[in-house]
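Before any comments, here is the structure.
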Amino acid sequence: MLRRLTVRNFKSLRDVSVELPGLGILFGPNAAGKSNVLEAVQALSLLGNAPTLNDALQARFPPRGFAFEALPFDPGGFPAQLARETGTFILEADLDTAGGGYRYRIEPRINYRTGELAVADEYLAQLGGSGAPRGAPVIQRVGSTLRVRRKGRPADPREEALGLNHALLSDRRLSGRGYVWLDYARTELANWRSYHFEARLLMRQEQAPAAVDDVGVHGEALASFLYRLRGASPRHFERVCRRFRKVVPNVDGVSVDIDNARGTLRLSVQQGGVSCSSRVVSECTLRALALCAVAVNPWSGTVVTLEEPDSGVHPRRLRHLARLLLDLSEERQVIVTSQSPLFVRMLLAAEEASEASERVGVLDVRWEDDRTVVERVGPSHAPFTDQEISTGHVDDEESLAPEGLLFSRSVVSSNR
């Protein structure tokens, strides 16, 4: 679980530090920076596990832009950035792992002239009950080196020079009894899943049976995942179908079979006695099916981030989608983005009607002074009026209300 996320100089996130609940809703208008928060979470997960920084930020990372564009744009444009030659950003997280609490921080450095990526700083420490670091750090910078403490050998730490092209946490050689602390933090980061479903093309492409344990970042492995799930755990496959029928009630079922002539999978949705191929069903239907698969996935990770899961969902079905996400947050931490006041209301109403007290938190994301501001707001159960819904989608200068907000601004956790 991700207790707290701190980001500095990553895209529009100049200096953001926020505590995250079991189900966090990043709510705000277009171009406020909601997606950048999700990308920071995803980048942190990859940096702690990828073989190199380039793999994490370029080869494996599906972001908008190149690695050097992970840094905020200089007012003077790219020539001004080139004049500085290098730039860094910082990602830090307080983690709940199978081995207790940890704080992990990494600072990648980007050389604008060569494109090289290197580690400028890295830190890992155990957290005590108060949430503060306790004992000697597991990884810390000492002068021009990074020092790694070994369990049972505190007087004989491992040392590596600064400027490595990979995070020490991602180095699988640092594993086992002497490096159990790194294993806990690395495994937690590896279990995070990020999704931004692309139903226009990627989710419709032909797939072959494969031993995948996830639907893929864009849902591109949905058919392969469902085929494996049906064979390995028919009970979980049926749960996907039941949840799918709740979110999209006019469908009768889902099937995934092999085309014996081509060796590829046929993913179909049954509706009114007719079987429709995944090539022709609506984008919303495919996204809803992928989300149900994520919710039921027995192999899924501990943190799930979703880019606007309510996009394209009929307002009458938002309540079922909200219930689905709330159920998902019973077993995993869920972080979603949304521009819809109605969807936020449905999520809060679902929490209020359940026993999920204080599990849902709303994080107001807005653009102020050329940067993204993220604040957790409350009280979160204030009713939404039609006026509030209408004003929640316009800019401050266009707002019909003084604040144009859906929440009374009682800040629980805010930027530094």
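Quick caveat: nothing in here was measured; it's all calculated off a predicted structure.
Atom-to-atom distance recorded for Asp214:CG and Leu222:CG is 10.5 Å, nearest 0.5 angstrom. Rounding to the nearest 0.5 Å places NZ of Lys246 at 13.5 Å from SG of Cys241. Taken from OG1 in Thr97 to CZ in Arg186, the straight-line distance is 12.0 Å, to the nearest 0.5 Å. Atom CG of Leu226 sits about 9.0 Å away from atom CD of Gln207, to the nearest 0.5 Å. In this structure, OG1 in Thr6 is found 5.0 Å from CD in Glu92, a value given to the nearest 0.5 Å. Within the model, atoms CG of Leu47 and OG1 of Thr52 stand 10.0 Å from one another, a figure rounded to the nearest 0.5 Å.
In this structure, Tyr104 has its ring center no closer than 6.0 Å to that of Tyr102.
Considering every non-hydrogen atom in both Tyr179 and Arg149, the closest pair reads CD2-O, 4.5 Å. Pairing each heavy atom of Asp183 with each of Leu174, the nearest pair is OD1-O, 4.1 Å.
Seen from the ring of Tyr123, Arg105 counts as a face-on cation partner, given the 6.0 Å and 45° thresholds.
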| said: Would Glu331 and Arg359 count as a salt bridge (Lys or Arg N to Asp or Glu O under 4.0 Å) here? Give the steps. | reply: CA-CA 12 Å; Glu331 300 177 359; Arg359 187 190 303 168; over 6 Å; no

| query | Yes or no on side-chain hydrogen bond (donor to acceptor under 3.5 Å, both in side chains) for Arg266 and Ser277, after CA distance, side-chain angles and deciding distance? | reply | CA-CA 7 Å; Arg266 293 183 306 227; Ser277 165; over 6 Å; no

| request: Test Asp369 against Arg14 for salt bridge (Lys or Arg N to Asp or Glu O under 4.0 Å), laying out the working first. | output: CA-CA 11 Å; Asp369 301 325; Arg14 300 276 185 169; over 6 Å; no

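Side chains of Val37 and Val18 form no contact here, defined as non-hydrogen atoms less than 4.5 Å apart.
Residue-environment remark: CZ (Arg177) stays at or below the threshold of 12 foreign heavy atoms within 6.0 Å. No more than 12 heavy-atom neighbours from other residues, nucleotides or ligands sit within 6.0 angstrom of CZ on Arg319. Summarising the local packing, CZ of Arg172 is surrounded by more than 12 heavy atoms from other residues, nucleotides or ligands at distances under 6.0 Å.
Not a single donor-acceptor pair under 3.5 Å links the side chain of Ser224 to the backbone N or O of Pro209. Looking at Asp94, its side chain never comes within 3.5 Å of a backbone N or O of Gly101 through a donor-acceptor pair. Between the side chain of Arg204 and the backbone N or O of Ala199 there is at least one donor-acceptor pair closer than 3.5 Å.
Salt bridge present: Glu375 and Arg366 bring a charged side-chain N and a carboxylate O closer than 4.0 Å.
Classification of the Phe10-Phe89 ring pair by plane angle, with boundaries at 30° and 60°, yields perpendicular.
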